[in-house]
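None of these values were measured; they are calculated from a predicted model.
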Amino acid sequence: MTDNTAAVAAKAPAAKGGGKGLTIAIGACAVLAVLGIILWVVQLSGGMVQTAMRNLDSWGLYITMFMFFVGLSAGGLIISSVPKAFGIKGFGGISKIAVMTSIACTVGAIAFVVVDLGQPVRLWELFAYSNLGSPLMWDIIVLGTYLILSCVYLWAMLQHERGKVSATALRVISVIALVVAVLVHTVTAWIFGLQQSHEMWHTALLGPWFVSSALVCGTGLVMVVALALRATGYLKLDQAYLVKLAKLLGAFLLVDLYFFGCDLLTEAFPAAGGVAIVEMLTSGPLAPFFWGEIVLSVLAAVICFVPSLRTNPLMALAGVAAILAILCKRVQLLVGGFQVPNIEWPAIMTPSTITNWQGNLEQAYQGMVYWPAPIEFGVTLGVLGLVALIFLLGIKMLPLKPAPGEDE
Amino acid sequence: MTHYGFVIDSKSCISCHSCAVACKVENNLPDSIWWNRILTDGGPNMDTPAGTYPNLTIRNIPMGCQHCENPACVKVCPVGATYQDPETGVVRQDYDKCIGCRMCMSACPYTGVRSFNWEEPQYAIGQPMGSLDIPQHQKQVVEKCTMCWHRLAQGEKPACIEPCPARIRFWGDFDDPSSEVSQLIREREYMQLLPEQGTRPSVYYLV
Amino acid sequence: MSGTASPLGGLTRRSFLKTTAVAGAATVAVGAAAPTVALAEGAAPVTAGSAEEQVYRGVCRPNCFGFCHLNVHVHDGKVMKTTRAPYNESCYDRICQRGLSHVQRIYDPQRLQYPMRRAEGTERGAGQWERVTWDEALDEIAGKIKEIQGKYGESAVAFLTASGNQAAGITSAYSRLIALLNASNIGPCLDMGSYYGMAAVAGNYVSPLMGMMMWNGNEPTDAVNAKTIVVWGANITDAQIQNWHLIKEAKQAGVKLVVIDPIFTQIASQADKWIPIRPATDTLLKLALMRLVIERGAHDVAYLQQHTVAPYLVRSDTGKFLRRSDTGVAPTATGQVDATTGQEIMLDPVMVLVDGAIVPETEAAAPAIEGTCDFEGVECRTAFDLLVDNIMEHTVEEVSELTEIPVADIEELADIVIDGPVYHYEGYGPQAYNNGGQTTVAGLTLCALLGNLGKPGASYGAFWGIGLITNIAAAQYTAPKGPSTGFNIASVDLKNVVEQKKFQGKDADIKMLWMYSANPLNTHTDTHAWTDVIIPAMDYVVTADSALTDTAMYSDMVLPVAQWFELEEVANAGQCSSYNYNEKAIEPLYESKADPDIIRELAGKLGLGEFFTQSTSEVLDSLFSGPIATAVGASMDNLRDKKQVRFIPGDAEKKPYIAYENGAFATPTGRFEFYRETPVPRTPTTKTPTAEQVAAERLPHFEPPLEAWPENPLYEKYPLVLMSERPRYRVHSQWFSTPLLREIDPEPIVKINPADAKARGIADQSYIEAYNDRGTAVAKAIYSEAIRPGTLVYPKGWQLSQHKGGGWSNLSSTEFDVWIVNNNFMDVLCEIRPWDGKDR
């Protein structure tokens, strides 16, 4: 899977003249975004039959990326709001950049929901007919609130630097932002965690676990972005702050692995209903993503905790590894949720039934029940371009560099 | 109060698919779309038994929307396109409201009873069939068994009941103790699908 | 929700309001019809019978045996759907997945729309056509008929039919033309093993209401009166699904169900006992049962004495019955005349034994069923003794080995059949082998031994009747100048006639075929006999059908026929033994014409127009008219009124029809003839039975089938028995292109036992090629444990173009048994291999 950091690093040549490189990067991202929109229109006009999603596996890459980007967006905000909220030392003034990543990723998350909708023109109905009992509705509300709040927060930070917003006001906003950030993840988790229809999803742990995963990939993202921007000369950052971030990342990774282990044991121990899930993860079709997450998480944690390994390249690697590990987790959750059917009795199979419909039902579930179609990769790349575009535009047009002597 | 539901004598179902076809025709279902499917509780292929020759068993389970009393789908639809009719318990779908998010398809434990029109509805014979009263099918919304609401409105039973050659499908009001369906579940052993999910389906399978 | 269909599909302001109103508070409308819920307010529901929708009575008649009555719903001149219409007896209300799919058959994009001629310069079977007008087509056909009859004789033109379009109007129209042309008739050989066996020993029953029970037994509603229902090779739940609920209800009332079948069919899964049997050995099992019955002394002596030929003395020199005329007493006149021959019936009673004395049966109240005597130096034995000799030829252990059924199960089955009454439901599986006539003979004989016939709950047979009013009351209609002088050739014998150019001692040169209501290249055996021998020998081939079947593909002219609801008709057959009235619901689509109309127009061009002046409805009026028709309730007025009139006695629900009641059999002797003096082949063919065959055929006996027998050396090369099943999603090959059925059942498959598949490296759901010396067929292999190891089962009826290669009927043969003259669908050995992708 691609991620926006790689796109940014590739597009911005490590030359000193950040301005020209940045403009090229912005141009490239804009092109990607436009291509994505075109493909989305193709998807809408020719029908979502062009994707690989079908009735028995009705969510796919888009919702996976939605989860993933909600996670990425939390990290930045939490990184910057926790120090302010608690009035403690932060990470050397990269808060504004962190919040910018947050804003960009939130837009990405919302975009992924929109491209997944069958009738996006009816989006307005979400506000006209809202079913306030629906976790999806809650998530829309919270995500929307989060986006607005992130923008307000960034504005507040900028205004505070100009002396127009008081430190107390900023602190209040940062507390609210922190709470909403935690809420966004929890509520996103509830879209899955409250559904007893999928054994793999229905756990109380999912809420806290999404928060911890968000912290992992969010912190990883901030780390990678900070390293990249420092490498291009955009900002200066004391190594100590990076080490602090790395240690934090390491701690978050351990918490996430802890949740991971708890969930696995809980599914496996009774050797009853959860066995199918465990087998699917450890030795079945989702195994590459399962073991991938573990390996990547451990690798990142080791780098973060071993002082001699905390070199710039390795810390960047740790950040990327952490992000990819969480992406693996999202794939496990989304595809895994559909990989083990509740009712495995065969019936009519038509092209609408399931992605691999041409054999029998058992054969459809051998290998991954779902793998994205080319158009889904294309639209996804477009959204990634959009996310990078928003971030880079923020870098270009807003004073996001750490203020002199800023410590938070 | 009325609580409509089905009783299906799955002990005597022979998987002929008459009910599935009746539903398809009555509701002018687009190509590839089936609201009612007959599942084989047996071997890995449809209509094959479990076991090894000659010690074999097979059972057939027609499955469509279970019109649950505690429906998982109704809870999660963000725009209320899926809703439960308070008078009859029928779980209904408003195509005009559906935004195609497919949350209901994820929430429903009875995977496959809800279908999504992944493309513009195609019709093999190029013209409508079935009832004139059914709502138009729309691209990229979720659909499912409507319990033939348009027929209930005329005092008729759902289209899948009468054509069953095996005469194993029954429909009626579970709130009426003297109805045929109430009597059947009093007199005969039955099972329900995924009872542990607590959705309280309105479909009972006699065993 | 939008109420009546909005063409826009989106949310209009008006439907928005309707939606919220309905979602908010559903109202319950009060009224006579008491609808239980309300549609969106402002939307008037379209009710059946309103100005918006008309409902017509249709009869679905591919001859799956069901003859379901349908409501054909028409809106704006278009059929919208078909639903179940009632029989006058609610136990027979019926419809199925195919009857429900008619709307997609009528408007099938692949339906034939106009007459087509094979494009000049192209080969038959190449599928290149040019459109012609009806005038052109019929002019050409009429010209060909005259030319061919002029050159080769009248009998050179032949009409071939089966049962795809079973109705009186069409049958009569063709019969009339055939008779007037003195054309030949190529008759179907479908399920004739069973028919032959029944007719041979029990006779061909015609009811007082002019219904002929071609497959006779107690009405299926009688099964509930039995102690046990024994199903012999009948896949009821797939091939005769309308009878399933009657069996189900019998089971629910406490009747036991035993199923004897090589395959674990759905009906087998419902049985209290399933006996898996080696294919083609049913007769052996029945002989073993008969042996156990005799050994246990469980046979009904009184019944045998009174109603069967058991006591009849048989001359060992001629094999015929010893008659009074042998003693020198001349036959006496009875004063009665035989309706068929017009001759007076003479009485020449058979001799029997009473206390050792040989007396005429007319003077014997209780003749002995066992005994040997000497008549003028000729040893004579009772028919019963001869039967027992045959029965005792096989030990139960030997039968157990050959049928692969444990002795204990055979013994248990004997217990069951002895503890009567038992309703034996015969299917067509066991008779589809070359030894298939004897299975019915043996089954009926078993029941005759036990007296298990002619009483409620006691029955043996399949069940299908045909109403003969049109044959009898309107005999003049179908043969105005007398019957045709052309040949009557069995379809399985046609290849031989074409090759030998002789039939029954006369020169026979069949040069033109007109095929209707049939698809022999697909649904009969041995496609290559048709494509390689018969069709090439024809100067001209016409097919009248509504789809481009395999047979149509090999024709020179294809005529599109109207479908069932596009003309008024009476379907005069089925397992409910009724005349079934079909209303015209819509006009024939495109340029299609109803068969009787085609005949009428063609007749005009043949100079026979004076014989075809009536419209289809007028023809029906004259067919179903006259005092006899009125007396049996089959006048056209009554048919139009009642929609369905029974032609057998009794009442389906209150007093089901009982076959062979009071021991009456429509045989020459009037008795059950398990011994036949003069066995006669079902129909004359190019073969003649040898003296040995005649001798063997007199009594129930077992012979191995032609191919499907392990002792056959061919088994080394082709070890799998290839069996077909009557497919659930077609009737024979009709509905082969109906789109919604193809979604359930997309392509040719063959069901195989996983062990057999794995031994050949064949994966589940992979393509295989089945092959033998006669041909190949490619299909998808489906693992099924229901399939007996060593056998394969394929649902029949896929056109050649639907296979990736070959076709099922390539593998079977037209070898036929001289007595039953039957298609031996199952008597096929083959091997299979993974398909290499080549279309042979």
Side-chain angles (χ1 to χ4, degrees), chain A residues 40-41 43-49 53-58 114 117-134 136-137 140 284-285 339 341 343-371, chain C residues 1-2 6 8-13 15-25 97-98 100-101 104 266 269 727-729 738-754 757-758 762-768 778-787 795 804 834-835:
Chain A
W40 181 42
V41 170
Q43 178 184 285
L44 280 175
S45 68
M48 289 173 78
V49 67
M53 295 182 280
R54 294 292 182 264
N55 291 344
L56 295 183
D57 51 319
S58 45
V114 171
L117 286 181
Q119 295 272 351
V121 173
R122 295 179 182 170
L123 258 177
W124 61 273
E125 293 186 358
L126 282 169
F127 308 101
Y129 300 134
S130 328
N131 172 16
L132 294 175
S134 160
L136 193 62
M137 194 68 236
I140 304 287
Q339 187 75 36
I343 298 175
E344 57 199 355
W345 297 330
I348 300 172
M349 300 265 277
T350 71
S352 297
T353 306
I354 195 169
T355 307
N356 304 318
W357 66 279
Q358 299 202 284
N360 61 31
L361 198 67
E362 204 179 35
Q363 291 169 337
Y365 285 103
Q366 279 160 12
M368 286 175 80
V369 66
Y370 162 85
W371 185 259
Chain C
M1 81 142 90
S2 33
S6 151
L8 300 172
L11 191 70
T12 61
R13 177 174 159 74
S15 52
F16 168 88
L17 290 170
K18 282 191 220 169
T19 305
T20 46
V22 171
Q97 64 278 19
R98 292 152 292 194
L100 290 161
S101 306
Q104 288 210 351
Q266 297 267 1
S269 78
R728 186 188 280 174
Y729 301 110
T738 308
L740 71 87
L741 293 175
R742 296 293 68 76
E743 288 184 9
I744 308 173
D745 173 47
E747 59 180 317
I749 61 167
V750 62
K751 300 191 241 186
I752 180 169
N753 187 287
K758 288 172 189 163
I762 290 166
D764 197 3
Q765 302 267 343
S766 67
Y767 288 102
I768 58 92
V778 176
K780 208 177 207 190
I782 303 290
Y783 278 22
S784 172
E785 285 285 350
I787 307 304
K804 291 196 185 304
W835 183 45

How would you list, by chain and number, every residue that makes a ring-ring contact (aromatic ring centres under 6.0 Å, His included) with C/Tyr729, sequence neighbours excluded? B/His17

List for me each residue that meets side chain to side chain donor-acceptor pair (under 3.5 Å) alongside A/Trp345, sequence neighbours excluded, and say none if there are none. B/Asp41

In terms of heavy-atom pairs under 4.5 Å with chain C, which of A/Thr350, A/Ile348, A/Asn360 leads? A/Asn360

State the CD-CD distance between A/Gln358 and C/Glu747, to the nearest 0.5 angstrom. 8.5 Å

Grab the two heavy atoms, one from C/Gln765 and one from A/Gln363, that are nearest each other, plus how far apart they are. CG-OE1, 3.3 Å

Counting only heavy atoms closer than 4.5 Å, note whether C/Asp764 contacts chain A via side chain, backbone, both or neither. both

